[in-house]
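Have a look at the structure below before the remarks.
We name chains A, B, ... by the order of the sequence lines, and we start the count at 1 in each one.
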Number of protein chains: 2
Amino acid sequence: MTDDIVASVVRQWQAVNPELDTGPMEIIGRINRCAALLQQAEDAPLRSAGLTRAEFDLLGAVRRTDRELTPGELARETFSSGAAVTKRLRALQDRALVERRGDDRDRRVAHVRLTDEGRALVDRLLPEQLAYERSVLAGLDLPGRDELASRLSELLVQLEGRLGGARR
Amino acid sequence: MTDDIVASVVRQWQAVNPELDTGPMEIIGRINRCAALLQQAEDAPLRSAGLTRAEFDLLGAVRRTDRELTPGELARETFSSGAAVTKRLRALQDRALVERRGDDRDRRVAHVRLTDEGRALVDRLLPEQLAYERSVLAGLDLPGRDELASRLSELLVQLEGRLGGARR
DNA sequence: AACAGGTATTACACCTGTAAAATGTTTGAC
DNA sequence: GTCAAACATTTTACAGGTGTAATACCTGTT
């Protein structure tokens, strides 16, 4: 059993204040740290395609729902602010990866869809991304992966119940 | 068993392209989503104390190592760029939470330590933070928490081995 | 017709990282 | 021994992305 960073951080806290109940760090600290490392690693292949992770998430949302989405829906779907979506859409539109179309009845709303190039890009990038992720997870055995996925799902349900309703 | 967001995203991808091996999303997607929700939730109590999470991490690093750290060490410890550390230090110093001291021998390096107020702030905030985290995790039973922590540790060791050596 | 509410965009402030600059130290050739 | 070049540490300059709040525009209701 080799130590990870969080274990050594926990040890430091214990040394400095043994009263501290550091239990939650063992889970939450690790989640945060894993997420940080993963993002850093996954950004690389995306960046070589000239995309931000946020941009890729946006394209992926349109691709997987398989229909036109409004900017508002995209903001909710990707958990970012409307302003950020507007800015990303402009950039992606300038690169001919998405198209905007005004609604016929309600001229406030717009509809966003992928161009053929946008769709092709997602379909090329996503399998690469998944293959990379699979290689990272290969260090865990299959039952361990299932176990981890299902525990994370339990936790995520808790978090969504507590905070997930709150959009912005 | 109630569904989380990731489960529904995976279903969407499968509907659109059944060939896709979406297995990794069940873990990595959940980690990213948990981290996002947690950060959003944890920022609130910190913000009410006038601190960014990054600033709190910096203060915590100095507190738990229990000695003076150089800006460079702080950058490595908190996984952020040197420039970001410089800027945070200035802000924290302006608020009298940390102090800078020049090294006697090597006049390039500086040493950072907490003021009494800085130390008191961390010691007040951290238990609050941990109590909140404990309440979030209370939805999982104890064996489930242990299981989750140890699986995450395995994964984190993998990630660190693959990417962790690369600082900046 | 005015108003309340919804949708998207714009304006602004802030934080971050990369790269360049400023400052200081060490090494190695002569 | 001394000086220049290489290296190390921190800070500054700049560019880019994000969110909040204000704005523009539109719809439906009374």
Tell me which nucleotide among [options] gets nearest to the side chain of [X].
X      : options                : value
A/S81  : D/dC26, C/dT10, D/dG19 : D/dG19
A/A83  : D/dT11, D/dT18, D/dA21 : D/dA21
B/R107 : D/dA13, C/dG24, D/dC26 : C/dG24
B/R88  : C/dA8, C/dT16, D/dG19  : C/dT16
A/T70  : C/dA8, C/dT25, D/dT12  : C/dA8

What's the [atom1]-[atom2] distance between [X] and [N], to the nearest Å?
X      : N      : atom1 : atom2 : result
B/Q39  : C/dC15 : CD    : P     : 15 Å
B/L74  : C/dG17 : CG    : P     : 14 Å
B/F79  : C/dT16 : CZ    : P     : 16 Å
A/R47  : C/dT16 : CZ    : P     : 16 Å
A/L89  : D/dG17 : CG    : P     : 14 Å
B/R90  : C/dC15 : CZ    : C1'   : 15 Å
B/D103 : C/dG24 : CG    : P     : 13 Å
A/L46  : D/dG17 : CG    : P     : 14 Å

- Describe the nucleic acid contact of B/A84 in one word from base, sugar-phosphate, nothing, applying a heavy-atom distance below 4.0 Å.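 Touches sugar-phosphate only.
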- Within the structure shown, what part of the strands sits under 4.0 Å from A/R53 by heavy-atom distance: base, sugar-phosphate, or nothing?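 Result for A/R53 = nothing.
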Strictly below 4.0 Å, N to O, side chains only: are [X] and [Y] in salt-bridge contact?
X      : Y      : answer
A/E154 : A/R151 : yes
B/E73  : B/R67  : yes
B/D103 : B/R108 : no

- Message: Side chains of B/R100 and B/Q93 only: does a donor on one sit below 3.5 Å from an acceptor on the other?
- Response: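 On atom types as modelled, these side chains qualify, holding a pair under 3.5 Å.
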- Item | Donor/acceptor link under 3.5 angstrom from B/R108 side chain onto base of D/dA8 |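 By the distance-only test, yes, there is a pair.
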- Take B/G72 and A/D106, find for each the nucleotide of DNA chain D with the closest heavy atom, and name the residue whose nucleotide sits nearer the 5' end.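 Final value for this comparison: B/G72.
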- Residue closer to the 5' end of DNA chain D, A/V85 versus A/R105 (nearest nucleotide):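 First, find each residue's nearest nucleotide; the 5'-ward one identifies A/V85.
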- Within one Ile-Leu-Val-Met-Phe-Trp-Tyr cluster: B/I27 and B/V157, side-chain cutoff 4.5 Å: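 Unlinked, B/I27 and B/V157 end up in two clusters.
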- Query: So, is B/R100 close to the D/dT11 phosphate, meaning a side-chain N or O under 4.0 Å from OP1 or OP2?
  - Reply: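 So the side chain of B/R100 is within the cut-off, an N or O lying under 4.0 Å from OP1 or OP2 of D/dT11.
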- Message: Quick check on D/dT11: is either OP1 or OP2 less than 4.0 Å from any side-chain nitrogen or oxygen of B/K87?
- Response: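 So the side-chain polar atoms of B/K87 never come under 4.0 Å of the phosphate oxygens OP1 or OP2 of D/dT11.
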